[in-house]
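Worksheet: the structure to be examined is printed underneath.
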Amino acid sequence: MAKPQLYRISPFDANKEHIISFMWTGNRSHANRIIIYDNDTNNEVFNDLVSTFELKHTIPPYILTNGKKYVIQVQTYDVENIESPLSDKILFYTFETPEFRFNNIPENGMVTNASFTASVYYYSPDWEDISTFAFYLYDATKKQLLQSSTLTDSFNINYAFRGLENNTVYFIRCMGVTVNGMALDTGYTEITVKYENPNAYSRIYSTALPSQGCVQVASNLIIIQYNGTDSFTYDDGMIHLVNKTLYYDEGFLIKDDFTVLIRGKNLWQNADIFKMSNGNLGLSLSSHIYAGDKLRFRLLVPNGIGNYLLYSDEQVFENEDMITIAIRRKNNVYQLKVFVELRFTQEGNMWYGIQRPVRGAKERDTWIDTSEEISYVVDKNSFRNFLEDMEPANAIINDLWLGGE
């Protein structure tokens with residue numbers, strides 16, 4: 001008599017009912033039996049016989065334990081109760097169902113832009129890593145409109161949905177699979193897109209020109225163009241300005257409040273960085289390195305009688321760090337803010353969070369399990385180690401104290 005053949009069993013949650021299926025080519029099966037063994041000890045943990053014509057068998061919840069490997073065999077019984085040989089053994093895993101959900105859906109699902117970057121939170125108690133995932137967009141009837149490419153970066157489970165229509169209801173969804181084949185699904189999440197088109201930019205003006213037999217059309221959009229003679233190259237999407245100057249001298253005028261963001265690398269220097277002027281009034285942003293190897297950015301705004309002068313906090317960063325400098329004017333009051341994105345070294349950093357940083361962590365990194373949902377890394381040069389018996393008085397967040405009783 002031929003042996004039945006089990007189909008592949010994807011990892012499943014042992015705390016939930018699970019149905020396994022198999023193939024059989026002999027006399028019609030009137031019953032089947034499964035035997036499950038602990039893969040580590042080879043001890044039998046479940047032996048069950050059921051009467052059914054279906055080539056399926058249900059494993060009840062809580063019979064097995066999550067986070068383990070098991071081996072299973074199946075055999076069939078025909079109407080005369082003649083049993084088949086046991087099938088070949090196959091291996092399967094049990095894992096607790098991971099958390100897999102959107103974590104940045106706006107209140108009431110209201111999206112106020114034509115684009116929305118959806119982010120998914122993932123946590124596996126059994127440290128089961130994600131292999132691949134994809135995002136989906138559906139209309140109000142759940143008809144699929146879009147599917148992203150297959151993604152693999154488990155530390156950035158997000159996707160930007162673009163071109164969303166105003167006053168429209170959509171459903172978004174993310175589905176994936178773990179490294180051992182466990183299926184992941186956020187389910188359908190409803191969002192409503194409702195935004196206002198800025199009149200200052202969307203308004204189009206038309207003027208009839210009867211003598212020419214045409215209509216002149218204009219808008220408030222302004223395209224500015226570099227008018228110099230230098231040529232520029234681009235590295236990783238950024239323009240290369242070392243020993244060069246990029247300027248625009250026509251085409252636009254900022255009259256009221258504004259915010260300017262200057263973002264770049266190689267800013268550890270004494271230099272003028274950015275200037276704006278209308279020929280009469282303007283501003284100048286520069287940097288200066290002080291004693292003690294500290295740097296400050298300076299904003300100088302001529303004020304007629306004197307100068308409006310602002311300094312940033314002391315900054316310490318490397319030339320490869322990404323620096324963002326924000327200049328804002330509100331009711332003729334200026335603000336200056338600096339953000340530093342550290343260039344992390346390859347090893348010796350510290351990770352914080354409940355999700356184990358399997359793919360991002362390097363050799364000799366340290367992972368500290370905390371209550372934070374998403375793991376984040378702290379560069380090794382930005383924290384200190386204290387090897388003392390007494391708790392250090394001057395430790396700050398992310399410092400590490402090794403000592404005590």
Side-chain angles (χ1 to χ4, degrees), residues 3-24 32 34-46 48 54-75 86-103 118-136 144 147-159 172-189 353-361 373-375:
K3 293 189 295 186
Q5 296 179 11
L6 280 159
Y7 292 113
R8 180 181 180 274
I9 301 176
S10 298
F12 61 90
D13 191 335
N15 297 332
K16 300 178 181 179
E17 179 182 280
H18 187 78
I19 299 175
I20 61 104
S21 300
F22 58 94
M23 182 174 63
W24 168 244
N32 67 71
I34 61 171
I35 307 174
I36 300 177
Y37 307 88
D38 186 311
N39 185 66
D40 296 327
T41 64
N42 207 34
N43 291 333
E44 183 181 299
V45 295
F46 187 58
D48 190 44
E54 291 188 300
L55 302 180
K56 295 179 180 180
H57 200 113
T58 299
I59 302 174
Y62 305 107
I63 295 295
L64 308 178
T65 303
N66 280 321
K68 300 196 65 173
K69 301 178 187 177
Y70 293 96
V71 172
I72 185 173
Q73 289 180 290
V74 64
Q75 68 179 160
L86 285 167
S87 69
D88 293 332
K89 294 180 178 179
I90 69 167
L91 181 72
F92 67 91
Y93 297 84
T94 54
F95 297 121
E96 184 175 337
T97 302
E99 285 191 66
F100 192 70
R101 54 179 169 80
F102 290 108
N103 64 350
S119 176
V120 170
Y121 168 67
Y122 174 74
Y123 172 64
S124 167
D126 299 300
W127 295 0
E128 172 73 350
D129 295 320
I130 294 179
S131 173
T132 61
F133 56 92
F135 286 82
Y136 301 82
Q144 183 175 313
Q147 177 182 343
S148 74
S149 58
T150 300
L151 306 172
T152 59
D153 187 356
S154 61
F155 278 87
N156 294 286
I157 311 176
N158 52 60
Y159 181 79
I172 60 174
R173 185 183 188 185
C174 183
M175 292 190 288
V177 63
T178 68
V179 291
N180 285 303
M182 193 173 196
L184 304 169
D185 190 350
T186 61
Y188 295 93
T189 299
I354 63 175
Q355 178 62 54
R356 182 171 62 106
V358 176
R359 298 189 180 181
E373 284 194 350
I374 300 176
S375 292

(request) Please identify each residue that fulfils side chain to side chain donor-acceptor pair (under 3.5 Å) with Tyr188, with sequence neighbours left out. (result)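 Side chain to side chain donor-acceptor pair (under 3.5 Å) list for Tyr188, sorted by chain: Arg173.
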Heavy atoms, side chains only, cut-off 4.5 Å: are [X] and [Y] in contact?
X	Y	value
Ser131	Val179	yes
His57	Val74	no
Thr186	Tyr121	no
Ile20	Phe92	no
Met182	Ser124	no
Tyr122	Leu184	yes
Phe12	Thr94	yes
Val120	Phe100	yes

(request) Identify the residue among Asp48, Ile19, Ile34, Ile9 that makes a side chain to side chain contact (heavy atoms under 4.5 Å, CB included) with Ile59. (result)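 Looking at Asp48, Ile19, Ile34, Ile9, the match for Ile59 under the side chain to side chain contact (heavy atoms under 4.5 Å, CB included) is Ile34.
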(request) Measure the acute angle between the ring planes of Phe95 and Tyr93, then classify it against the limits of 30° and 60° as parallel, tilted or perpendicular. (result) parallel
(message) For Lys89, is the NZ atom crowded, meaning more than 12 foreign heavy atoms sit under 6.0 Å from it?
(response) yes
Report yes or no: does [X] contribute a side-chain atom to a donor-acceptor pair with the main-chain N or O of [Y] at less than 3.5 Å?
X	Y	value
Thr58	Pro60	no
Asn66	Asp13	no
Asp126	Glu128	no
Tyr159	Tyr136	no

(message) Using a strict threshold of under 4.0 Å (side-chain N to carboxylate O), is an ion pair present between Asp38 and Lys68?
(response) yes
